[in-house]
2 protein chains.
Amino acid sequence: MKSEHIPKATIARLATYIQVLSEFKREGTDVVSSERLAEACSVNSSQIRKDLAYFGEFGVRGVGYYVQDLITSIKRSLGIDRAWNCGLVGVGNLGRALLRHREFSRKGFILRGAFDCDPYKIGEIVEGMEIVCSRQLPAKVKELSLEIGIITTPPERAQRAANYLVGAGIKGIINFAPSRISVPSHIHLEYVDFFHHFYAAAFHIRFAEHQE
Amino acid sequence: MKSEHIPKATIARLATYIQVLSEFKREGTDVVSSERLAEACSVNSSQIRKDLAYFGEFGVRGVGYYVQDLITSIKRSLGIDRAWNCGLVGVGNLGRALLRHREFSRKGFILRGAFDCDPYKIGEIVEGMEIVCSRQLPAKVKELSLEIGIITTPPERAQRAANYLVGAGIKGIINFAPSRISVPSHIHLEYVDFFHHFYAAAFHIRFAEHQE
DNA sequence: CTGTGAATGTGAATTTTGTAACAAAACCCC
DNA sequence: GGGGTTTTGTTACAAAATTCACATTCACAG
Ligand SMILES: NC(=O)c1ccc[n+]([C@@H]2O[C@H](COP(=O)([O-])OP(=O)(O)OC[C@H]3O[C@@H](n4cnc5c(N)ncnc54)[C@H](O)[C@@H]3O)[C@@H](O)[C@H]2O)c1
Ligand SMILES: NC(=O)c1ccc[n+]([C@@H]2O[C@H](COP(=O)([O-])OP(=O)(O)OC[C@H]3O[C@@H](n4cnc5c(N)ncnc54)[C@H](O)[C@@H]3O)[C@@H](O)[C@H]2O)c1
């Protein structure tokens, strides 16, 4: 099929598919049907086939999908069949947890630069990486070919951090701070806010209680 | 209006509205129109009115919404006008970052219990809280009236952690580990996976490059 | 080499979500 | 205190996403 606009929800689901397929692979399963994958992901099986159809034909009719092949295909479709260099701005509690998280490099997102404005933190080594002054962002973005910026500063500093990143020529920003920021339209911006998961939990739990 | 089923997307947007409204409040703005709020949240203004209509009537025609009142109303609608006691299982890098995060208690999610199975960690104090053996979960869930469980163990341990939590009588689970788990249908389960934001960024950046 | 069974890929039907349009309501000014 | 203005709440409409249904394709057996 190969279409233009891919729904946000499809991208999120593809991430789940990769996760579950990797588990299948670890278990030694070589081939999987959309039906079985669907069950493991708690989605509809035609949903899976439709999601995949945006990018091409990856299955074999009458057989199913070859697990390893499908993982590779999805990764290529998403553009994560290569490494992405990332820079992290704001090395506090969350920033440190992210820098120490092995999964990033395993998934192809290499944290190559760590930036902070606190003179006490600059020069410190975290996970083999030296914390650098945020003023050096423009130089470092070029030097390290950083493409994605991760903002883990306090919310009131997020806009400034974004400005630095944009000025330095970054291509996309993932903002973990709970504040809205503005960037030029050619910069891809993602907000990470997991409080809405807590809100959803609270809402549904209370609603369920209210039912009985 | 007061309807039954609320879209997931609505819950996520309500979280954004609260965030932006809080900023307005800090700036001293008392009244805001759906138009102005919409702009700040990058959504359509009828979207906002529709989202709110699921829960009731909170505005004043010809005037707009009183900022503080609206915050209160949304919070009540979501069920976060009271405190929720949470227990965290797996005090590693991420678990620690969460335990140290002030925003949780500010938003009404009180982290009251921290559990781990590593004997070297049990007894340690993090943010004034003692790390307790996960075997004590059932006792502690009752003692502390825990309602929401947070899983921050390695992925292969997530199911076991979930089993403990469910057995202990928890009502909802937020799973930060990248693995699917199964729980009885009366338990509300949310997955937190911020890699899909990275995937989306990678995908869109590469797509934009491919365009030119 | 043809028939059978299985599971994909896809167009059509359905459901859900989002947007536009407007009548009803509240405020304000004269 | 009535008319004009503004902005909500809601209905009607459009778009998008999901699910259904099935023709199509492939593997394999006989
Ligand atoms: N800690 C968590 O678990 C958690 C969870 C969700 C969201 N967040 C959000 O992530 C952000 C960081 O949280 P945290 O707990 O790590 O906070 P923190 O205070 O521990 O860390 C913030 C860091 O940013 C640095 N900083 C401030 N201004 C900067 C600037 N202009 N340029 C570069 N660095 C700057 C500070 O020096 C500090 O090291 C916050 O916005 C928080 O709301 C945190
Ligand atoms: N670190 C991050 O930034 C980050 C980001 C996203 C997701 N995650 C996910 O969050 C989880 C935790 O990550 P982390 O970096 O903190 O790992 P970690 O290894 O630092 O911490 C895991 C902790 O869980 C404990 N644990 C293991 N089995 C347990 C059990 N059965 N009961 C109770 N405790 C148990 C371990 O003793 C350890 O303290 C992982 O699944 C990871 O993929 C981490």
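Letters A, B, ... mirror the listed sequences (proteins, then strands); counts begin at 1. Hydrogens, waters and symmetry mates play no part in the numbers below; they use all other heavy atoms, side chains included.
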According to the ring-ring contact (aromatic ring centres under 6.0 Å, His included) rule, which pairs have a member within residues 145-167 of chain B, sequence neighbours left out?
->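 Listed by first then second residue: nothing to list.
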Partner set under ring-ring contact (aromatic ring centres under 6.0 Å, His included) for His101(A), not counting sequence neighbours | Phe104(A)
For His197(B), ring-ring contact (aromatic ring centres under 6.0 Å, His included) partners two or more places apart | none
Under the salt bridge (charged side-chain N to carboxylate O under 4.0 Å, His left out) test, residues paired with [X] that sit two or more places apart:
{"X": "Arg26(A)", "value": "none"}
{"X": "Lys8(A)", "value": "Glu190(A)"}
{"X": "Arg106(A)", "value": "Glu103(A)"}
{"X": "Asp51(A)", "value": "Arg13(A)"}

Below 4.0 angstrom from OP1 or OP2 of dT7(D), is there any side-chain N or O of Ser34(B)?
->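 No, outside the criterion.
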Rounded to the Å, how far apart are [X] [atom1] and [N] [atom2]?
{"X": "Glu57(A)", "N": "dT24(D)", "atom1": "CD", "atom2": "P", "answer": "14 Å"}
{"X": "Glu39(B)", "N": "dT7(D)", "atom1": "CD", "atom2": "P", "answer": "14 Å"}
{"X": "Leu52(B)", "N": "dT8(D)", "atom1": "CG", "atom2": "C1'", "answer": "10 Å"}
{"X": "Leu37(A)", "N": "dA7(C)", "atom1": "CG", "atom2": "C1'", "answer": "13 Å"}
{"X": "Leu70(B)", "N": "dG9(D)", "atom1": "CG", "atom2": "P", "answer": "9 Å"}
{"X": "Arg36(B)", "N": "dT6(D)", "atom1": "CZ", "atom2": "C1'", "answer": "15 Å"}
{"X": "Ile48(A)", "N": "dT10(C)", "atom1": "CD1", "atom2": "C1'", "answer": "16 Å"}

Which atom pairs, donor and acceptor, lie under 3.5 Å between side-chain atoms of residues 92-100 of chain A and protein residues at least two apart or in another chain?
unit_1   : atom_1 : unit_2    : atom_2 : d
Arg96(A) : NH1    : Glu124(A) : OE2    : 2.7
Arg96(A) : NH2    : Val91(A)  : O      : 3.4

Base, sugar-phosphate alone, or nothing: which one does Ser45(A) contact when heavy atoms must sit under 4.0 Å apart?
-> nothing
Report yes or no: does Asn163(A) contribute a side-chain atom to a donor-acceptor pair with the main-chain N or O of Gly167(A) at less than 3.5 Å?
-> no
Using a cut-off of 4.0 Å between protein heavy atoms and nucleotide atoms, how would you tag nucleotides 25-30 of chain C 5' to 3' with B, S and -?
-> BBS---
Tell me, for nucleotides 14-22 of chain C in 5' to 3' order, what letter each nucleotide earns: B for a base near a protein heavy atom under 4.0 Å, S for only sugar-phosphate near one, - for neither?
-> ---SBBBB-
For residues 68-81 of chain A, pull every pair meeting side chain to side chain donor-acceptor pair (under 3.5 Å), keeping only residues two or more places apart or in separate chains.
->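 Only Lys25(A)-Gln68(A), Gln68(A)-Thr72(A), Asp81(A)-Arg206(B) qualify under side chain to side chain donor-acceptor pair (under 3.5 Å).
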Between residues 15-23 of chain B and DNA chain C, which residues have a heavy-atom gap below 4.0 Å?
-> none
Look at atom CZ of Arg102(A) and say whether more than 12 heavy atoms of other residues, nucleotides or ligands are closer to it than 6.0 Å.
->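 No, not enclosed.
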